[in-house]
Structure formats: structure tokens, C-alpha cells
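Contents: one structure, followed by commentary.
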Amino acid sequence: MSERRKPYPFDQIEPKWQAIWDQNRSFHAPNPGEENFDPAKPKYYALDMFPYPSGAGLHVGHPEGYTATDIVARYKRLRGFNVLHPMGWDAFGLPAEQYAIKTGQHPAVTTRENVAKFKTQLKRIGFSYDWEREVNTTDPAYYKWTQWIFLQIYHSWFNPETKKAEPISSYRGDDPDSVRLAYVAEVPVNWCQELGTVLANEEVIDGKSEVGGFPVVRRPMRQWMLRITALADRLLDGLEDLDWPDSLKALQRNWIGRSEGAEIRFAVVGSSRCDDRTPQPGVPTISVFTTRPDTLYGATYMVIAPENPLVDQITTDEQRESIKAYRAEIATKSDLERTDLAREKTGAFTGAFAMNPVNQERIPIWIADYVLMGYGTGAIMGVPAHDERDLEFAKKFGLQIVPVIQAPEKTAEESIGYTGIGTAINSPLLNGLSRVEATARIIDWLEQNGHGRRDTRYKLRDWLFSRQRYWGEPFPIIWREGKHEALPESELPLEPPALDDFKPTGTGEPPLAKAKDWIRYSDNASRETNTMPQWAGSCWYYLRYCDPGNDQRFVGREPEQYWMGGRNDEGQMTNVEGMTKPEPAGTSSFDIRPSSFPAKPGGVDLYIGGVEHAVLHLLYARFWHKVLFDLGHLSTPEPFQRLVNQGMILGEDSRKMSKRWGNVIDPIDVIEIHGADAFRCYEMFMGPLEQMKPWSMKGVEGVSRFLARVWRLIMEENQAGEWVLSDEVQDVDPQKSEVKILHATIKKVTGDIETLSFNTAISQMMIMVNALTNAPAKPLSALRTLLVLLNPFAPHLTSELWQTLARKFPAGSDQITAQPWPEHDERLLIEDEIEIVLQVNGKFRDKITVALDATDAALETAARSNPKVQNAVGEQTIRKVVVVPKKLVNVVAN
RNA sequence: GCCGAUGUGGCGAAAUGGCAGACGCAACGGACUUAAAAUCCGUUGGGCUUAACGGCCCGUGCCGGUUCGAGUCCGGCCAUCGGCACCA
């Protein structure tokens, strides 16, 4: 077969350089105290979301973010940073186990194979990972520390006074188990029969499992929970100083869902007489949560959730049958049906009445499924005049509607249904007040009279942390006489038992329960049989990278403080004490000087990954990080300072890549044809990183042509068809125009890498290459600078060309990775003559070339005398002339 | 319904409030070649007009506003995508 001629020999140079990088440990980042550690270098931590190594291998979506971080990592190294750029494997979890059940192969085996496959593929793309720091969440040496961190959480509680996680020993109450950050609760969970496990709320989409799309039902079970809600405020407020996309911060805020309002207590009163206002003996008051306490006078009924246990206590004998019927009807409905917004409101009257504490009105108590047991107190006050749902309900059941907020320019009657900001009416204590004033006053009143208090509620639920699966971290917990206790740290890691049959039992009992010997801990104690969810390992992997081999601690203090310790970015290196770099080491391998840099909450300088992890991984990891920070194990309150979501890459047909459409692109196929450098550059040239964009093979060819042009700037084919250094490459001074374009390119590429605008950086380099292509002599200095600029994007090609140049023209080093990043000289960008745009009434008419120092008056004169300007002005009178120095002249006429 | 993105040629996209469409793809024309591929050079938003050089008008989802000047800023719509959704 006649092999299609390659535009340049990437198939030879790419493996060559990958081997050299491996041998030279080119991308190994030394830790403080290690050989070759240079304390004068600032650190930079560029992190990718590590992949789940599936059997399918990489697709083109994976390397998009990876290429972006790799470019930044290589760029920062050239700028003199000590760069941490690691990779690892998030390998516990459902898909491996599902596959194992299907094929009978142990998940450890398939995981090993898949990791090997992924690693080979990643290496072929030429990523500059420090593979000596590779981590794998399924490695006992790794999950030993996942289990250890769980124990730290288990041994902690959230102290509401300090607003911090603290060791449980600081808790003064009598029931520590009720406040632990890891606790056991009998809770209604999302049970998936098909997967044989419970799932987190986040893993359930529209009543179906995110993995597999199987039906999910609610069912009460004993589960491990993590008290993430205790940190809700901290997680919310901590977003403030992070360099994350606003849209992503909004997603997290939304998910946490803080609502501020009041809890109000309503006494249940006797139902026998219509004027009976005495509290029912033995019946507790009903608490409601509302964000609109200012509408309390308009509360004309109450609704409690059908599942609320209070229903049994308050229902009157006359209503018992209809309540029972309604509850039975609700029980048959799925969550999906129940939350169908289009559905008409339903409900039933309990026969009981409550007393509105502010005006002593007797109001009926209903049950209805539009009130959810899981939010607030499972009961609401109905204010039909100023809440859409309540209004709909009140109209349907003929309940009283009293307007208590007057909308601007409307009558009281017209204000029914108004939910905006207005003035309080029909509310003796509040009349005339604005919403803010009324809310403050009624809360004061409630607190003073013992009817309620200020309160904040969250949509966020505690994190359901246990799974009934085999392929996950076992809990380091033992049960003795019905009580849980921590496994001693000395017994970590706790490895799962070797099981031949790891299928789910189907009963909700975890597969680990089958390992009778393993479960038995001692005569009177047995092991916990649940496993942790997949998110556990990914909650802290970025910390392990800092010190992956440490067997004494989950991460050494010094490496953690070095890599995570604030953001030592250049922008901040100049403004404190005139310092440009951390001072050289003293007695320690380096000095930690937290005061030297303005505090940044996050430690990782750049974190790139998919937006699908916005509320799962990114929230969980922040939660663990904050707990570990509070407990004194970490030096920053947030894990990730700067976060970017790469956009999805679609198939050539603009549909989501999937086997179903047959539009999946395999990166290795692309690399076979065009080489890794072209693949990398194309992925970055497609468009803005954050944007969703379709793949185009033609586009790859275009970028490949660009790289071939770079190659041919420097190489030519001799008679024998071999590539040799071109005679046109000469050690001459570049021409003036070439100097200008060179410095413009340095400026553009440098700025664009900092802002991750890789597409425009590449386009500028194309412009420069196009300009050099037909130059009779190719100036060596310009070529060398170009190669350094292009190196982060196309590392193999530029390494090879650099080395080739160095043979004929010896430079400091024949390794391009040892070169400093070039700096542009602003003076070389300035021209002596400058183009001025002439406009008439804002419309472009002509452009003229004038001396750089032309005065405004001279520009105006030139514009007025320009024939095209005169023509456009015609008979009109010139009213005004706007002169923008060095830019344009706009003649205003009419 | 609420929150958040996005809307520019045939396509992917550029554009500190100052020449809209850089760069690339596709298409077309030319050079080289016996020929093709590759490579190099050129044209390429739409319309009107000129024998030609050229000239003129329109154009960044829609409507309005601010401004000497708006793809960009402000207000109101429409469409597409994503997230949340009876959250009190």
C-alpha cells in the first residue's frame, strides 16, 4: 500500500521526544527538600479532573481540557515556575462493577487494563504530566487515606458558635452521635432496584438513575450521612473570592438554596366550637417556615404534608376517612407525578383548626401534596393573596383570601395574587411598612411573644454517603451491640474481602454482607458492610498529588503548604514588599511566608473540567476540604482558586458524540493521520475553550497544514527526499516588519495563554508564519522565538526543530524546554507613521497615514480637506469634529 | 415559572465603544505538473452601479434608547441550549 505522504515526519519525531521526556524526567516537579528543588521558583498547580478509566478509552472530549492545562503547564515552566501537573484515576464506581457482573471479571482486573489503556493514550498526546505522582483511588495505599479522612469527619462535629468543624471532644452535650459530621440515620432514600443500591439526590434525574436510567423509588433505610448542611453557609460564602465562572457559582448557590425567613408556631385549637381558641391538650404546635413573615396577617389556612406524622394527631373523627383516602391516593403516585406542575392542586381538610398567632383567627388545617415533607418543617401557612400556589389552592377549595400587601398603583382587591414588593395593609402591627421593615418588625414581635424566630433554611440536603456495592471503599467502622465505632487508624487500610460473587443481593443488603469471615471483627463486633460512593476518592485526590508516596500522612504538611499555599502568581508577586519571588531557603528546604502573598482562598491555580461536576464533585470536595482545613490539616480554606469548564465537543453532525449516532471520534485515529501536535492544536483552535463546538476533520487538516508550514520554514527536502535544514535559515537581523510582527506575536500569545484564549493565540502564530513563508531569508532569531511560543501547543515539532537549529547554530541548550519565555518590547510595536480612520457621521469614509506625532488640529485639517470626506459631507454643514488621537477623526455634519 | 449562557458569512470563529467578518475550513481562479496530489499565489457577506479603474447602499436574532460613533453599553422582546423546579 502506498502510504499517504506525511506533510512532515511527526510519526518519527513524536515518539522520539516522548521517550526523551520520559528518560530525562523532564516534567517531574520536585517537592521542597527533594533533589533539584529550587526554592527561588514560584509554584504553579495546573490540575485536570482525573478521568474514570472506562473500557471505551479516551474520546476527543477528554483531551480538550487536558490540552489546555498542558499548554499552561508548559508555558509556566518556560516562565520559570515549578509546575505541578499530575494525572490519576478515579477508578472505583458503578460502571466497572456493572461490567464485572456482566463478564464475571473482577473489577480490579478491568480497572488495571483500562488504566493502562488510558495512560498509553494520554502519553501519545504528549501531555507533560509528572507521572511519578500518579494516583489511583482503588489503590489501598490511596484509599487508606480516604478512609482516614472519613474517620476525621466521623470524629468531628460542627460547632455553631465557632462556625467550624471541631474534634468531637470539644462537644459538651450528652449525645455526640447526634452531632457528628458523619452519622447514621434512617432516612427515605433513593433506592434503585436495578442497580441494587441507593443513590444520592444528585445521582437521580427525573426519577431515574443517572447511571443506566433505571427507575428509582423512595424507601426508608439506615444509611451513613455526611452533615454537609452544617457547612452550607460557609460553602455559599466561600464562593465569593474564587475565580470561577459566574454561571457555575450560580449553580452551586442554587443547589445550596439558602432562604431567609422565619419559623412561626401555630397552636392547634379546639374544633368543637367555632370560637374555641384554647390550645388542644397534648397536641404540639405546628411550626411553619416562611420567607414572607410580613404576610402573616394574610395566613388564612395551613397545609401540612400528607406524610407529616402530625396528621394523625390532629385529624378529627369526622374527617378521618377522607384524610385516609387522600393519603392512600398520594402514596400510589410516583415522585414524578407528584411534582408535575401542570397538575391541579389536590388536598383534604383535617377538621382541625390552628390559631394565627398575630390576629387570633381560627384557620383550617389541610393536607396537600404540594407541601413537601422534605423541605422546611413539612408544613406551611397559606397566604393565598400573595403566593401563586396558595391562591390556586384557596380558589379550588373556597378558602378565605385576604390581601395584606398592596401593590404600587393598585387597590387592595387588585393586589390579590401580587407577590412582589409593596406596602403592608390589613395588618394592624405592620400597616404602611415596606416589605423589609414589615419583615423585621414581625420577626421582632414573634420573638418577643414566643411565637417564632428568625430562621434560615436550605435546599441542600445532607449527603447520603453509603452505597450497597462491592467496588468502593469499605467504611472503617465496626458495630458493637448496635452501636457504631471507629476502626483504629492502625488497621487502615481496610481492604474489601475477596469475593467471587459481588452482585448486589437485591434485598438492599450490601454484597459485602456475603463475606462472613470478613464481617466478623471480634466475638461481639462486626464490620460495616456499606461502601463509600464514587465521589469519596475524588474529594481529595488533588491533595494526594502533592505528596503521593507519603505513608505517614494523607499529605505531608510541607508539600501541602508549598503546592496549595495560596496563589503565587506573577500578578501578585510584585505588589508586596517589592518582592518578586519567595526568598531562598533558610534552615528548612523553603520558608513558608504566608504574609508574603495576599491571601487567596484556593490552592490549585488552575482547575479545568466538565460542567457536569458543578454540584457534585465540586461541592463535595469543597466540603471535605473545609472540614480538613478547620481541623488544622490544610493551609487554605478552599481547594480550587481558578476553575474553568471546557465546552463539550460535538460530532461532525453537531450532535452529541455517541455510539448511537456513529459520530464518535477516537483521538488515536486522528493522531495516526495528523500527529499529536496537530491534534492538540486543532482542539485548541476550534474555538473558545468554554464553548460547545462541533468537530471537523477538515479543520484538523488546516491546522496540520499550519504545522507543516512551520516545519518547512526551517526544513527542506534534498534530492534524496530527506528533510534537511533549509539554507534560507540564516543568522541575520530580521527586517523591520518582521520584528514588528514578532513582537506583536509574543504579546498576543503570552496574553492569550493567560486568559486561555488559545484559538486566537494560534491564529496570531499563523499570521506570523504566513508572513515569513515567502521571505527569502528566514532570520534565525525570529524562528527561535516562534518555536518557543509554539512549544506549549506543539511540543514535539518545536523540540525537534529547536534541536535541528542548535546543531548548525549552537545555542545555550539544544533543549527547547530549557529556554526562557520571550518578552515583547512595546517600543518595537510602535510605528513612526500611523493610520487614521476618517468618518463622516460615524461612517467609515477613508483612511490616511500621518506622522505619529500629528496634532489634533492637523488631523482635523487633514480630514476636512480629504476628498472622500468632502464628498460625503456634500452640501451639509459641519457641526462638529471629533478627534481621537492616533485613532480616527469623525466629522459630524447635517 | 426561576436562574444562567448563547445568537455575527456557506461552516468553525475574530473584533480595549472607533475600518464588522482577523485566522482557519469550504468554494472558485491562477502558477507548478504529461496529469493528479501536495505546494505556492489570488478571489470569496449581500445588493446596486460602471466598458473599466471605481462608486454607492444594506448587513452582527427583533424593537427601542444612550453616544459624534453600538456586534460591543442600557431597556424590552424572540429563539436555542444548560441547570433548578409545588423549596413555602
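FYI, side chains are in, hydrogens and waters are out, and symmetry mates aren't considered; it's all heavy atoms of this structure. Chain letters run A, B, ... following the sequence lines, proteins first and then strands; every chain starts at 1.
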B:C56 versus B:U39 - spacing of their P atoms, nearest Å: 39 Å
B:U44 and B:G21, which share atom name C1', separated by this distance in whole Å: 12 Å
Nearest-neighbour nucleotide for the A:Arg705 side chain, B:G18, B:A26, B:G12 considered: B:A26
Sugar-phosphate only, base, or nothing, as touched by A:Ile767 at under 4.0 Å among non-hydrogen atoms: sugar-phosphate
Beyond-backbone contact of A:Ser704 with A:Tyr682, side-chain heavy atoms, under 4.5 angstrom: no
Separation between the C1' atoms of B:A70 and B:A15, rounded to whole Å: 13 Å
No-hydrogen, no-angle side-chain donor-acceptor test under 3.5 Å, A:Arg845 and A:Asn871: no
Spacing of A:Trp255 atom CH2 relative to B:C3 atom C1', expressed in whole Å: 14 Å
Side chain of A:Thr291 (C-beta onward), nearest among B:A88, B:C19, B:C68: B:A88
Sugar-phosphate, base or nothing in reach of A:Leu888, heavy atoms under 4.0 Å: base
Whichever of A:Val611 and A:Asp390 has its nearest RNA chain B nucleotide further upstream toward 5': A:Val611
Test: A:Arg622 cationic atom under 6.0 Å from A:Trp244 six-membered ring centre, within 45° of axis: yes
Evaluation steps, side chain to side chain contact (heavy atoms under 4.5 Å, CB included), between A:Lys747 and A:Leu829: CA-CA 10 Å; A:Lys747 185 178 182 182; A:Leu829 292 174; 3.8 Å; yes
Touch class at under 4.0 angstrom, heavy-atom based, for A:Pro245 against every strand present: nothing
Contact under 4.0 Å: A:Lys698 side-chain N or O vs B:A26 OP1/OP2: yes
Sugar-phosphate only, base, or nothing, as touched by A:Gly702 at under 4.0 Å among non-hydrogen atoms: sugar-phosphate
Of the listed nucleotides B:G12, B:A26, B:C3, the one nearest the side chain of A:Glu701: B:A26
N/O (side chain, A:Lys868) to phosphate O (OP1/OP2, B:G55) under 4.0 Å: yes
Length of the CZ-C1' vector between A:Phe706 and B:C25, whole Å: 16 Å
Below 4.0 Å: OP1/OP2 of B:A22 and any side-chain N or O of A:Thr760: no
Sugar-phosphate, base or nothing in reach of A:Val837, heavy atoms under 4.0 Å: base
Length of the CD-P vector between A:Gln870 and B:G55, whole Å: 16 Å
Interatomic distance where CG belongs to A:Leu859 and C1' belongs to B:C68 [whole Å]: 16 Å
Closest listed nucleotide, where the reference is the side chain of A:Asn774 and the choices are B:C23, B:C41, B:A88: B:C41
Between B:U8 (C1') and A:Gln691 (CD): distance, integer Å: 12 Å
Aromatic ring pairing A:Phe397/A:Trp366, orientation class (parallel under 30°, perpendicular over 60°, tilted between): tilted
Touch class at under 4.0 angstrom, heavy-atom based, for A:Asp246 against every strand present: nothing
Integer angstrom distance from the C1' of B:G45 to that of B:A20: 10 Å
Backbone N/O of A:His451 and side chain of A:Arg265: donor-acceptor pair under 3.5 Å: no
Any A:Lys843 side-chain nitrogen or oxygen under 4.0 Å from OP1 or OP2 of B:C58: yes
Same-atom distance (C1') from B:G59 to B:G46, integer angstrom: 7 Å
Any donor-acceptor N or O pair under 3.5 Å, side chains A:Ser259, A:Tyr458: no
Distance test, side-chain N/O of A:Asn770 to OP1/OP2 of B:C23, below 4.0 Å: no
Cation-pi check, A:Lys345 onto A:Phe393 ring (under 6.0 Å, within 45° of axis): no
A:Gln839 side chain, from C-beta outward: closest of B:C19, B:A14, B:C40: B:C19
Sugar-phosphate only, base, or nothing, as touched by A:Arg879 at under 4.0 Å among non-hydrogen atoms: nothing
Base-pairing mate for B:A52 - Watson-Crick or G-U, with both contacts under 3.5 Å: none
Presence of donor-acceptor pair under 3.5 Å, side chain of A:Lys880 and base of B:C68: no
Comparing A:Asp387 and A:Ile762 on RNA chain B - which has the more 5′ nearest nucleotide: A:Ile762
Paired nucleotide for B:U80 [Watson-Crick or G-U wobble; both distances under 3.5 Å]: B:A5
Complementary nucleotide of B:A36, counting Watson-Crick and G-U pairs under 3.5 Å: none
Sugar-phosphate, base or nothing in reach of A:Glu835, heavy atoms under 4.0 Å: base
Nearest-nucleotide pick for A:Arg709, side chain only, options being B:A14, B:C84, B:C41: B:C41
Counterpart base for B:A27, defined by Watson-Crick or G-U wobble contacts under 3.5 Å: B:U43
Separation of atom CZ in A:Arg253 from atom C1' in B:A85, rounded to whole Å: 19 Å
Whether A:Phe679 and A:Trp695 hold their rings parallel, tilted or perpendicular, with breakpoints at 30° and 60°: tilted
A:Phe685, nearest nucleotide to its side chain (from B:G83, B:C23, B:C84): B:C23
Sugar-phosphate only, base, or nothing, as touched by A:Arg845 at under 4.0 Å among non-hydrogen atoms: sugar-phosphate
Integer angstrom distance from the C1' of B:C81 to that of B:G61: 15 Å
Among B:C3, B:A15, B:C68, the one nearest A:Ala250 by side-chain distance: B:C3
Touch class at under 4.0 angstrom, heavy-atom based, for A:Ser763 against every strand present: base
P-based separation of B:C73 from B:A14 [nearest Å]: 16 Å
Whole angstrom value for the distance that separates P of B:C81 from NZ of A:Lys656: 14 Å
Nearest to side-chain heavy atoms of A:Thr290, which nucleotide of B:C19, B:C84, B:A88: B:A88
Minimum-distance nucleotide (side-chain atoms of A:Met766 versus B:U39, B:C23, B:A13): B:C23
Separation of the C1' atoms in B:G9 and B:U43, to the nearest angstrom: 15 Å
